[in-house]
Every structure is written in C-alpha cells, then in structure tokens.
Amino acid sequence: MKAVINGIALTLDTHPDMFSPNFPDTGTLAMLSSVEINKGDRLLDLGCGSGIVGIYAAKLIGAENVVMTDSSEIAAKFAEKNAELNDVGGIRVYCGDAYENVAEKDFTLILSNPPYHTDFSVAKSFIEGGYRRLTFGGKMIMVTKRADWYKNKLTSVFGGVKIISLNGYFVFIAEKREQRKKLIQKEKNKLSAKLSRKYAQK
C-alpha cells in the first residue's frame, strides 16, 4: 500500500487480517489532517495497525520521538517492518493491550483510531490510561464514527474536548490541563477537610 499524507510519501506492507490493509483508512486521514505535529513532540501511536500514523509522525519529528503499540502481534510485526521500510527504523514498537508494555510516559501527543465497532472497554482503557501518560499540555486525539460516548468520556477525564466533524468521522482533541489537576486536588482537599470535621465531632 502506498500513501501520500500532507506531502509525505509512505510505503506500507500489510496483511489481510489487519485493519484497512489495502488503502489508508479515511478516519485516520481525517485525524492526521486535524492535528499539528511539531518538533519537540513525543508521540504515541496507540493501536498502530500497519504503523501509518507513527511512521508519518516520525518523518516529522524523528523516530526517536515516536512509540507505536498494538494488541495484535501481526500488526506490531508489520509496523516494525514498515518503519524500517520507510527509513524510520528507530521507532520503538510494542505488542500488548493498551499501554501494557509501553514503559515511556510524558507524551505530548497520543493518537488513536480505536476499534469502535466493539464495546467501549478498549476505548475506556485508552482514554483513562492516556490521561496518565500525557504531560501537562499534552493532547489525546481520537477518531471514531460515534460521538456521544467519546464526548462524555473524554470530558469526564480531561475536563473538556474539542470535536471536529470531517468526512463522516468525529475527531476528538482533549488536552491535559494543569487547571484540571488543581481542581481535582481542590476537591480532594475539600473532602478531606469535611471528613476531618466529621471525625473530630465523634
């Protein structure tokens, strides 16, 4: 499979059992058209499939700043092969569920096209784990054909989300904000003070 994304040419080997093996997925292309990847970014391609997102990113910010992971051994194998094929063999590629084998933290970007035709358990682990793996100011970007559940979940975890509707897909951009941490800590402090008063009265 060959693709040109924002002027960057990619060549990808695929397998019939992989997601969208014959052409770049429209949702993935919508996501990549909605995100800025800049020097200094540290990016995780979560559920990387053939590696199209991570390899594209590595062309912009360097292979050393990109990590790819997938639960499928076939996908992880081909992603690693495709990184070599596109001269970005320094990308770290892992196989495991969600963040299972990903040691790295403090990503500035986590990009994912999750398996939204199943239940939401995978997406839930992606979002909750993503918040913990992002640096403050970092962004989680997801693309799906479903809106409501992702909007509600991302808002509950990140405190807000920007939604872009494009070519029949929804691109969600959620930022990990310092203010969110302060708000959570404030609520914990209020609860702690309330409990302290309660037990002081006994």
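For the single chain, residues carry numbers from 1 onward in sequence order.
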What's the shortest heavy-atom distance between [X] and [Y], and which atoms?
X: Tyr94; Y: Ala76; answer: O-CB, 4.0 Å
X: Asn113; Y: Gly27; answer: ND2-C, 4.2 Å
X: Ala83; Y: Ile91; answer: CB-CD1, 4.2 Å
X: Asn86; Y: Thr11; answer: ND2-O, 2.7 Å
X: Phe126; Y: Pro115; answer: CE2-CD, 4.5 Å
X: Met1; Y: Pro24; answer: SD-N, 3.4 Å

Would you say [X] and [Y] are hydrophobically clustered, going by side-chain heavy atoms of ILVMFWY under 4.5 Å?
X: Tyr150; Y: Met140; value: yes
X: Phe78; Y: Leu10; value: no
X: Val122; Y: Phe170; value: yes

Kindly determine whether Ser125 and Asp97 satisfy side-chain contact (heavy atoms from CB on, under 4.5 Å), including the steps that lead there. CA-CA 9 Å; Ser125 68; Asp97 292 334; over 6 Å; no

To the nearest 0.5 Å, how far apart are [atom1] in [X] and [atom2] in [Y]?
X: Thr108; Y: Asp41; atom1: OG1; atom2: CG; answer: 3.5 Å
X: Thr69; Y: Tyr99; atom1: OG1; atom2: OH; answer: 10.0 Å
X: Ile74; Y: Thr14; atom1: CD1; atom2: OG1; answer: 11.5 Å
X: Leu43; Y: Lys139; atom1: CG; atom2: NZ; answer: 12.5 Å
X: Glu36; Y: Leu60; atom1: CD; atom2: CG; answer: 11.5 Å
X: Ile37; Y: Ile61; atom1: CD1; atom2: CD1; answer: 6.5 Å

If only side-chain N and O atoms count, and only distance matters, is there a donor-acceptor pair under 3.5 Å linking Ser50 with Asn82?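 No - no donor-acceptor pair under 3.5 Å links their side chains.
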
Scan side-chain atoms only and decide if Asn6 and Tyr56 contain a donor-acceptor pair under the 3.5 Å cut-off.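 On atom types as modelled, these side chains qualify, holding a pair under 3.5 Å.
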
State whether the side chain of [X] and the backbone N or O of [Y] hold a donor-acceptor pair below 3.5 Å, judged by distance alone.
X: Lys59; Y: Gly54; answer: no
X: Arg92; Y: Ala63; answer: no
X: Thr155; Y: Asn152; answer: no
X: Arg133; Y: Val102; answer: yes
X: Lys176; Y: Gly138; answer: no
X: Asp70; Y: Ser72; answer: yes
X: Tyr131; Y: Phe158; answer: no

Note, [X] side chain near [Y] side chain (heavy atom, < 4.5 Å):
X: Leu111; Y: Met31; result: yes
X: Leu154; Y: Ile163; result: no
X: Thr144; Y: Pro114; result: yes
X: Val53; Y: Thr28; result: yes
X: Glu104; Y: Leu44; result: no

Determine, stepwise, if the pair Leu85 / Ile55 fulfils side-chain contact (heavy atoms from CB on, under 4.5 Å). CA-CA 10 Å; Leu85 187 63; Ile55 292 168; over 6 Å; no

Test side-chain contact (heavy atoms from CB on, under 4.5 Å) applied to Val66 and Val88, step by step: CA-CA 10 Å; Val66 177; Val88 286; over 6 Å; no

Out of Thr135, Val67, Leu46, which residue meets the side chain to side chain contact (heavy atoms under 4.5 Å, CB included) rule with Phe107?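 For Phe107, the side chain to side chain contact (heavy atoms under 4.5 Å, CB included) check succeeds only for Val67.
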
Among Val143, Ile164, Ile141, which residue satisfies the side chain to side chain contact (heavy atoms under 4.5 Å, CB included) criterion with Ser34?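 Passing option: Ile164.
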
Going by an N to O cut-off under 4.0 Å, is there a salt bridge joining Glu175 and Lys162?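 Looking at Glu175 and Lys162, the cut-off is not met.
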
Parallel, tilted or perpendicular: which one describes the rings of Trp149 and Phe120, with boundaries at 30° and 60°?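 Parallel: the ring planes of Trp149 and Phe120 meet at under 30°.
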
With side-chain contact (heavy atoms from CB on, under 4.5 Å) as the criterion, how do Ile5 and Leu29 come out once you've worked through the C-alpha distance, each side chain's angles and the decisive distance to 0.1 Å? CA-CA 8 Å; Ile5 303 175; Leu29 295 178; 4.0 Å; yes

Check whether Phe172 forms a cation-pi arrangement with Lys151 (NZ or CZ under 6.0 Å from the six-membered ring centre, at most 45° off the ring normal).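 That pair does not qualify as a cation-pi contact.
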
Quick check: are there more than 12 heavy atoms from other residues, nucleotides or ligands sitting under 6.0 Å from CG of Asp106?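 Count over threshold, so yes.
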
NZ (Lys153) with more than 12 external heavy atoms under 6.0 Å: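 Buried by this count: over 12 neighbours within 6.0 Å.
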
